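Presented below is the structure to which this report refers.
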Amino acid sequence: MLNIKNLSKSFSSAGEPVHVLRGVDLDVRPGERVALTGESGSGKSTLLHLIAGLDAADGGTIMLESADVTALPDAGRAALRRNRLGLVFQQFNLIPSLSVEDNLSFQARIAGRHDAAWHGELIERLGLRKLLRRYPEQLSGGQQQRVAIGRALAIKPSLLLADEPTGNLDEATADDVLALTRDLVARTGCGFLMVTHSLHLAGTLDRHVTLHAGRIT
Ligand SMILES: Nc1ncnc2c1ncn2[C@@H]1O[C@H](COP(=O)(O)OP(=O)(O)OP(=O)(O)O)[C@@H](O)[C@H]1O
Ligand SMILES: [Mg+2]
């Protein structure tokens, strides 16, 4: 479902190239839940940005189902993000002026992928029924992240990408949020690639890979 081959990416720093990714190979199967760890600066966020088409690779290929992300023009990558990818970050990135209910559904509506039955199921499974009329500033961190995960899954993505999604949560809340995410990923049948610094959380997924010296080990 996600098939990455020989992916490379450099940045230039003070005129010198910094080779961050040096031939990354990684596969994620439908329904598979993979944890990505690696020391700070090893390129985890860079890899997620490339998969999401938020930045362009220098070489290699990223196949997401039948689409080659690296070969698509900007508009194609934006369409892929809108229709096939769920993105969750450490900062919850909810829209402050929208209620929980509208935060959950607006991206799916823009993409023409709103499904009322699935929307209702997400609300129940994420325990958001009593919070629908609230605004993000009236929610705890764990509640905000549950909304962000619901928003990402509302389009029924093929792949859910998460960059330290529980990094701002205490350990018990992080465990709860991740347990819900694992269940929803299983229900959706999408792939799940999650960056984490927690070996404990990494151990709760199907597989654990590490980025080191520009490659996946
Ligand atoms: N836009 C950019 N321009 C220049 N250098 C960059 C850019 N983005 C990332 N880098 C560099 O690439 C390297 C990898 O950064 P990245 O954010 O992917 O690491 P990370 O593994 O996510 O780290 P962390 O665990 O701290 O989040 C770092 O050395 C960083 O300084
Ligand atoms: Mg990072």
Side-chain angles (χ1 to χ4, degrees), residues 31-36 44-45 48-49 51-52 54 78 80-198 200-206:
E32 190 182 23
R33 300 164 300 189
V34 179
L36 174 63
K44 305 178 298 296
S45 296
L48 257 57
H49 286 157
I51 297 170
L54 293 166
L80 204 70
R81 272 198 300 282
R82 204 163 52 237
N83 296 311
R84 306 260 198 95
L85 286 177
L87 301 175
V88 182
F89 299 99
Q90 186 170 355
Q91 296 75 21
F92 315 121
N93 295 325
L94 299 175
I95 297 188
S97 59
L98 293 183
S99 67
V100 165
E101 174 146 47
D102 291 339
N103 263 288
L104 274 172
S105 66
F106 82 94
Q107 284 185 352
R109 288 185 194 278
I110 287 170
R113 295 176 68 87
H114 180 70
D115 172 336
W118 176 234
H119 180 77
E121 185 176 340
L122 284 171
I123 289 167
E124 294 310 326
R125 286 183 182 244
L126 290 165
L128 296 172
R129 173 66 62 202
K130 294 202 170 98
L131 304 175
L132 292 178
R133 302 274 161 257
R134 291 209 203 169
Y135 287 83
E137 66 179 13
Q138 302 170 316
L139 302 179
S140 71
Q143 290 168 338
Q144 289 188 57
Q145 197 57 311
R146 281 188 273 143
V147 176
I149 287 161
R151 171 181 62 184
L153 289 171
I155 62 160
K156 291 192 179 161
S158 322
L159 178 67
L160 179 64
L161 294 173
D163 196 345
E164 298 184 54
T166 59
N168 280 333
L169 305 177
D170 65 67
E171 199 175 324
T173 309
D175 279 351
D176 289 348
V177 167
L178 189 57
L180 282 170
T181 309
R182 283 199 309 271
D183 290 348
L184 278 168
V185 164
R187 172 80 176 88
T188 316
C190 63
F192 180 34
L193 181 60
M194 178 182 76
V195 171
T196 181
H197 281 284
S198 161
H200 159 69
L201 293 180
T204 66
L205 300 192
D206 302 322

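The shown structure was predicted, so the numbers you read here are calculated from the model rather than taken from an experiment.
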*Test log, rule side chain to side chain donor-acceptor pair (under 3.5 Å), inputs Thr173 and Asp176*: CA-CA 5 Å; Thr173 309; Asp176 289 348; 5.5 Å; no
Which value, rounded to the nearest 0.5 Å, describes the distance between [X] atom [atom1] and [Y] atom [atom2]?
X: Leu160; Y: Leu87; atom1: CG; atom2: CG; value: 8.0 Å
X: Asp206; Y: Glu32; atom1: CG; atom2: CD; value: 6.0 Å
X: Ser105; Y: Ile110; atom1: OG; atom2: CD1; value: 9.5 Å
X: Leu180; Y: Leu153; atom1: CG; atom2: CG; value: 11.0 Å
X: Gln144; Y: Gln91; atom1: CD; atom2: CD; value: 11.5 Å
X: Leu104; Y: Leu132; atom1: CG; atom2: CG; value: 7.0 Å

Quick one: closest heavy-atom pair of [X] and [Y], and the distance?
X: Ile155; Y: Arg81; answer: CD1-O, 4.3 Å
X: Gly86; Y: Pro157; answer: N-CB, 3.4 Å
X: Arg146; Y: Leu126; answer: NH1-O, 2.7 Å
X: Phe92; Y: Arg151; answer: O-NH2, 3.2 Å
X: Ala174; Y: Thr166; answer: CB-CB, 3.5 Å
X: Ala152; Y: Val88; answer: CB-CG2, 3.7 Å

Side chains of [X] and [Y], heavy atoms from C-beta outward: is any pair under 4.5 Å?
X: Leu98; Y: Tyr135; result: no
X: Thr181; Y: Phe192; result: yes
X: Arg82; Y: Arg113; result: no
X: Pro136; Y: Asn103; result: yes
X: Val100; Y: Leu94; result: no

*asked:* Checking side-chain contact (heavy atoms from CB on, under 4.5 Å) between Met194 and each of Asp163, Leu178, Val34, which is the one that passes?
replied: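 It is Leu178; the other options fail the test.
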*In a check of side-chain contact (heavy atoms from CB on, under 4.5 Å) between Leu36 and each of Leu161, Thr196, Leu205, Leu193, which one passes?*
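The residue from Leu161, Thr196, Leu205, Leu193 that satisfies side-chain contact (heavy atoms from CB on, under 4.5 Å) with Leu36 turns out to be Leu193.
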*Is the backbone of Phe89 close enough, under 3.5 Å, to the side chain of Gln145 for a donor and an acceptor to pair up by distance?*
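Side chain of Gln145 to backbone of Phe89: a pair is present.
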*Test side-chain contact (heavy atoms from CB on, under 4.5 Å) on Cys190 and Val185 and set out the steps.*
CA-CA 6 Å; Cys190 63; Val185 164; 4.1 Å; yes
*asked:* Counting only heavy atoms from other residues, nucleotides and ligands, does the tally under 6.0 Å from CD of Gln138 exceed 12?
replied: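 Above 12, so yes.
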*More than 12 heavy atoms from other groups under 6.0 Å of CD on Glu124*: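 Atom CD in Glu124 is crowded, with more than 12 foreign heavy atoms closer than 6.0 Å.
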*Are Arg125 and Asp183 ion-paired here, with the side-chain N under 4.0 Å from a carboxylate O?*
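Judged by the 4.0 Å cut-off on N to carboxylate O distance, Arg125 and Asp183 do not form a salt bridge.
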*Any salt bridge between Glu164 and Lys44, counting N to O under 4.0 Å?*
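Salt bridge flag = no for Lys44 with Glu164.
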*asked:* Determine whether Leu201 and Asp175 satisfy the following criterion, side-chain contact (heavy atoms from CB on, under 4.5 Å), listing intermediate values before the conclusion.
replied: CA-CA 7 Å; Leu201 293 180; Asp175 279 351; 3.2 Å; yes
*So Ser99 and Arg134, side chain to side chain donor-acceptor pair (under 3.5 Å) or not? Walk me through it.*
CA-CA 5 Å; Ser99 67; Arg134 291 209 203 169; over 6 Å; no
*Sequence neighbours excluded, which residues qualify as ring-ring contact (aromatic ring centres under 6.0 Å, His included) partners of His200?*
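If we apply the ring-ring contact (aromatic ring centres under 6.0 Å, His included) test to His200, skipping adjacent residues, there are no hits.
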